[in-house]
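Naming: A, B, ... by sequence-line order, numbering from 1 per chain.
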There are 2 protein chains.
Amino acid sequence: MTSPADLQQLLRGVALRVTRPRVAVLGAVHAHPHADTESIISAVREELPDASHQAVYDSLRVLTNAGLVRRIQPAGSVARYESRVGDNHHHVVCRSCGAVSDVDCAVGDAPCLTASDDHGFSIDEAEVVYWGLCPACSTAGSRP
Amino acid sequence: MTSPADLQQLLRGVALRVTRPRVAVLGAVHAHPHADTESIISAVREELPDASHQAVYDSLRVLTNAGLVRRIQPAGSVARYESRVGDNHHHVVCRSCGAVSDVDCAVGDAPCLTASDDHGFSIDEAEVVYWGLCPACSTAGSRP
DNA sequence: GCTCTTTTCCTGAACCAGTCAAGAAAACGA
DNA sequence: TCGTTTTCTTGACTGGTTCAGGAAAAGAGC
């Protein structure tokens with residue numbers, strides 16, 4: 001896990017005010033990768049029982065804008081957050097239970113940024129989501 | 001555009017009952033690629049003024065399940081639908097206005113289904129979303 | 001330390017895409 | 001044409017997320 005001092009360091013590093021809710025939210029994202037907002041609210045409240053859901057939503061937004069956390073939202077899912085940023089990794093998502101795992105980019109660090117025809121778009125990111133079944137759902141489905 | 005007869009043919013081809021709302025919804029998806037549900041409801045009502053939004057939602061669901069349309073949902077966007085199915089193409093999404101364009105798979109027909117480490121998942125699809133700015137937003141942003 | 005200004009947090013309400021439910025209507029095989 | 005099954009209509013509702021305004025806290029300057 002990441003220590004409170006490290007978390008504060010991260011916040012100061014991007015010129016954000018250090019507040020207890022923000023430290024707690026950032027810590028929760030580090031401790032629970034791919035957690036949804038509800039889970040993060042719960043985790044934050046173990047430390048700060050009176051934290052409002054709004055503070056968590058606000059913190060997640062500023063942390064995302066500052067690049068300290070990354071927001072992912074696979075189709076049909078609520079928003080999820082992770083602290084691995086800037087390393088261009090992708091995700092596998094289970095169609096059945098929604099579980100998410102990290103997948104390093106197969107093409108190296110600077111990936112698949114090459115669309116065959118970009119229609120004049122200036123592309124800055126290629127996001128890849130692999131869909132399938134996680135080990136648990138896979139075995140559960142194959143023997144009914 | 002696709003003729004009503006063709007649309008009915010498509011429905012029968014996947015053993016779905018041919019109803020006026022379904023034909024209208026399927027036609028609207030063919031006529032307006034990447035349209036969201038609201039737009040599809042409007043398009044359907046030009047033809048069937050009394051169609052309920054629920055009929056459109058239901059139709060879109062069965063059409064999607066039958067494989068006649070594909071549902072896409074870039075992060076932060078509402079659901080969008082398109083009629084290009086089965087050819088494994090991807091999408092470019094504008095961060096500013098949300099516009100969507102098709103992009104053929106750069107790696108050929110059967111793509112990027114190879115994750116470096118699949119964590120035991122059985123993967124059946126690789127979805128790629130390119131993020132950037134569309135031509136209009138790109139020029140609008142560069143000269144303020 | 002102690003103020004002052006600015007940012008952030010809390011309370012509580014609102015929003016909106018999408019879903020649920022029950023009865024009426026339509027599709028289609030016999 | 002009839003009867004069964006599916007689909008559509010109406011209307012209420014849900015749940016994640018955002019909006020708004022006042023209270024509290026963070027950090028800069030003294």
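Between the C1' atom of dA28(D) and the CZ atom of Arg12(A) lies a distance of 13 Å, rounded to the nearest Å. Atom C1' of nucleotide dA24(D) and atom CG of Asp58(A) are separated by 14 Å, given to the nearest angstrom. Per the geometry, CG belonging to Leu16(A) stands 19 Å off P belonging to dT6(C), to the nearest Å. Here dG27(D) presents its C1' atom at 14 Å from CG of Leu11(A), a figure rounded to the nearest Å. Look at CG on Leu63(B): it is 11 Å from P on dT7(D), rounded to the nearest Å.
OP1 or OP2 of dT19(C) lies within a sub-4.0 Å distance of a side-chain N or O belonging to Arg61(B). Within the 4.0 Å cut-off from OP1 or OP2 of dT17(D), at least one side-chain nitrogen or oxygen of Tyr57(A) is found.
Placement of Val14(A) and Val69(A) within a single hydrophobic cluster is found when ILVMFWY residues are connected by side-chain heavy-atom separations under 4.5 Å, directly or transitively.
Residues of residues 27-54 of chain B that place a heavy atom closer than 4.0 Å to DNA chain D, in numerical order, are Asp50(B), Ala51(B), Ser52(B), Gln54(B).
The distance from the CZ atom of Arg17(A) to the CG atom of Leu11(A) is 13.0 Å, given to the nearest 0.5 Å. Of the inter-residue distances, the one linking Ser122(A) atom OG with Leu133(B) atom CG reads 4.5 Å to the nearest 0.5 angstrom.
Heavy-atom distances to DNA chain D give each of Arg71(A) and Pro21(B) a nearest nucleotide, and the one nearer the 5′ end belongs to Pro21(B).
Between the side chains of His53(A) and Glu38(A), no donor-acceptor pair is found at a separation under 3.5 Å. The closest side-chain donor-acceptor pair between His89(A) and Asp104(A), if any, does not fall under 3.5 angstrom.
Sparse packing is recorded around CZ of Arg20(A), with 12 or fewer heavy atoms of other residues, nucleotides or ligands lying under 6.0 Å away.
If you run side chain to side chain contact (heavy atoms under 4.5 Å, CB included) between His91(A) and each of Glu127(A), Arg80(A), Glu82(A), only Glu82(A) comes through. The one candidate from His30(A), Arg71(A), His34(A), His32(A) that meets the side-chain hydrogen bond (donor to acceptor under 3.5 Å, both in side chains) condition with Tyr81(A) is Arg71(A).
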Show the numbers, then the answer: is there a salt bridge (Lys or Arg N to Asp or Glu O under 4.0 Å) between Asp124(B) and Arg95(A)? CA-CA 10 Å; Asp124(B) 60 66; Arg95(A) 288 189 194 280; 2.6 Å; yes
Are any protein N/O atoms closer than 3.5 Å to N/O atoms in nucleotides 22-27 of chain C? If there are, list each pair with its distance.
from	atom 1	to	atom 2	distance (Å)
dA27(C)	N3	Arg17(B)	NH1	3.2

